[in-house]
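Order of the sequence lines fixes the chain letters, A, B, ..., with proteins taken first and strands second; residue numbering starts at 1 for each chain.
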2 protein chains.
Amino acid sequence: MTNESTRTVKSAATLFDVLDAVHRLEGGGATAVAEELDIAKSTAHDHLATLAEHEFLIKDEGSYRVGLKCLHYGVQAKSRMVLADVASPSLEQMAEETGEIAWVMVEEYGKGVYLEKAMGDRAVQPYGEIGKRVPLHNIAAGKAILAHLPEDRVREIVTETPLEERTETTVSDPDELLAELETVRDRGYALNDGETFEGFRAVASPVVNDGELLGSIVVSGPENRLSDDRFTEELPEIVTGAANAIELSMASR
Amino acid sequence: MTNESTRTVKSAATLFDVLDAVHRLEGGGATAVAEELDIAKSTAHDHLATLAEHEFLIKDEGSYRVGLKCLHYGVQAKSRMVLADVASPSLEQMAEETGEIAWVMVEEYGKGVYLEKAMGDRAVQPYGEIGKRVPLHNIAAGKAILAHLPEDRVREIVTETPLEERTETTVSDPDELLAELETVRDRGYALNDGETFEGFRAVASPVVNDGELLGSIVVSGPENRLSDDRFTEELPEIVTGAANAIELSMASR
DNA sequence: ACTTTCGTTCGTGGTCCTCGAACGATACCG
DNA sequence: CGGTATCGTTCGAGGACCACGAACGAAAGT
């Protein structure tokens, strides 16, 4: 990620910066983008025109916003969409059974990507969003994934993205993390007890098919509803059960 | 769309061609992409490396596949996601009520984009796919959209994208199409009777909020299950009803 | 061992990307 | 109504860098 030995198309960096700026600004014109990125107004204009010509942006009377062309490519990240489709009913069932929110997550470039969700009737959504990319080390779903990656890959990820401490309980020492991953591997599920947000807990389980890690599923909610036995026994059982169901469905495809 | 008077970043064309090639080939290496696009192998390699560096592609031992980064941008095409969210329950209900498949579609650059779907228990999926971009003139959901665009915009779309005839019954004359759109406007829904695929029918209704066209919803299925009264009365009632429900929910946001 | 095909590297010519300055349009205000 | 401050857009010019072809090492099949 950080090695820039290979030759790349430099103007693409600007191009994607412009796309990202429009995304961040939730729509804007040449001047706004130029200021945001500290480039010439005319350059911003050229890139905006380019992205619009290729239909990645929509032009609306001088202002631009992100189009849906990306969806076209993103959605067809195929093997993962299969996982989303297959996991969907299990997510719904977990959401209904627990009343909380349930997610599928996959790994990409050392980050976690939320793929699909299901909301129970009491569900709150404090953090995730479909397509959002987050660090792996301080969330349950992420630890479930890390636990099933090769150790050197985990070390690579950990050295590339610093272990940001979000709350007091966040694990910030690499070795401590690796030890925790060992436990996760043994018992089959990962926990998050207020490591991302104070007062929020989550239980996650990896989804493996044919020895290959596909992603993980997770249920999360506020501490007062996920207390004691529910957090340490009931939910782990539900989540690992759902993961098994998904693994079975994936195997028969 | 076809006027290239403005200056654009030329290398971006190659860049997106490469992205599209990987997407079409469902993964591949430098040589495959170079052949597909008829460019130098080294050029393909540079662009692949560039796209991978920006995480739009995933590199997997010399071979590349489309990543999920696009999802990140695509999903946040916000106003439309709101529509998808709001329409979702109505789609589910239509799917359950009819047993067929239901979609939400929006317009972008003169094409229709499938946003979200719900499958009934007998549903077949012959054509659509989330994020897929299709012509508007020969499908029910598309005609429902065209009927609520300004006439000159419709003429523009029609002249830009030729009216491809898919089956015998496809409307291929612009004036004939405009006349049909008039009827659609009057009665509030659009029909597709085997114009896209022989033996497939669909009923669609536009979704309008505050005078502005948001998109359309549609239910489609095989002719033998959508015959006579069901096609001309029962389904139109269900679909227009659902569209009204969505419009109400959108209005109160 | 020979052949083929892969991904990748690298030097070079000439394309074209970036910038700054300027222009027309629009909106706001005294 | 004229002055001012925005906006998006156009255009010429210099120099960065994109695209190509040739070559290399590795891997796999014959």
Name of the residue among A:Glu182, A:Glu107, A:Glu195 meeting salt bridge (Lys or Arg N to Asp or Glu O under 4.0 Å) with A:Lys143: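 With A:Lys143 as partner, A:Glu182, A:Glu107, A:Glu195 yield a single salt bridge (Lys or Arg N to Asp or Glu O under 4.0 Å), made by A:Glu195.
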If the cut-off is 4.0 Å, is A:Tyr64 near the phosphate of D:dC7, judged by side-chain N/O to OP1 or OP2?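 For A:Tyr64, the contact criterion (side-chain N or O under 4.0 Å from OP1 or OP2 of D:dC7) is not met.
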Which donor-acceptor pairs under 3.5 Å do the side chains of residues 36-45 of chain A make with protein atoms, sequence neighbours left out?
{"from": "A:Glu36", "atom 1": "OE2", "to": "A:Arg24", "atom 2": "NH1", "distance (Å)": "2.3"}

Are the side chain of A:Thr183 and the backbone N or O of A:Glu180 linked by a donor-acceptor pair below 3.5 Å?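 Checking the backbone N and O of A:Glu180 against the side chain of A:Thr183, a donor-acceptor pair under 3.5 Å is found.
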A:Lys132 side chain to A:Val113 backbone, donor-acceptor under 3.5 Å: no
Compute the angle between the rotation axes at the two ends of the helix from C:dA1-D:dT30 to C:dG30-D:dC1, each taken over five pairs, rounded to 10 degrees.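 It works out to 40° between the end axes.
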Among B:Ile145, B:Val218, B:Ile217, find the one that has a side chain to side chain contact (heavy atoms under 4.5 Å, CB included) with B:Met105.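 For B:Met105, the side chain to side chain contact (heavy atoms under 4.5 Å, CB included) check succeeds only for B:Ile145.
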What is the distance from [atom1] of [X] to [atom2] of [N], rounded to the nearest Å?
{"X": "A:Leu15", "N": "D:dC18", "atom1": "CG", "atom2": "P", "value": "12 Å"}
{"X": "B:Leu48", "N": "C:dT9", "atom1": "CG", "atom2": "P", "value": "13 Å"}
{"X": "A:His45", "N": "C:dA25", "atom1": "NE2", "atom2": "P", "value": "16 Å"}
{"X": "A:Glu35", "N": "C:dG20", "atom1": "CD", "atom2": "P", "value": "14 Å"}

Taking the six-membered ring for Trp and the full ring for Phe, Tyr or His, determine whether the centres of B:Phe56 and A:Phe16 are under 6.0 Å apart. yes
Report the distance from atom CG of B:Leu248 to atom CG of B:Asn209, rounding to the nearest 0.5 Å. 9.5 Å
Under 4.0 Å protein heavy-atom contacts per nucleotide of nucleotides 19-30 of chain D, with B for base, S for backbone only and - for none: BBB---------
Could you walk me through whether B:Ser11 and A:Ser11 pass the side-chain hydrogen bond (donor to acceptor under 3.5 Å, both in side chains) test, one step at a time? CA-CA 8 Å; B:Ser11 57; A:Ser11 57; 2.8 Å; yes
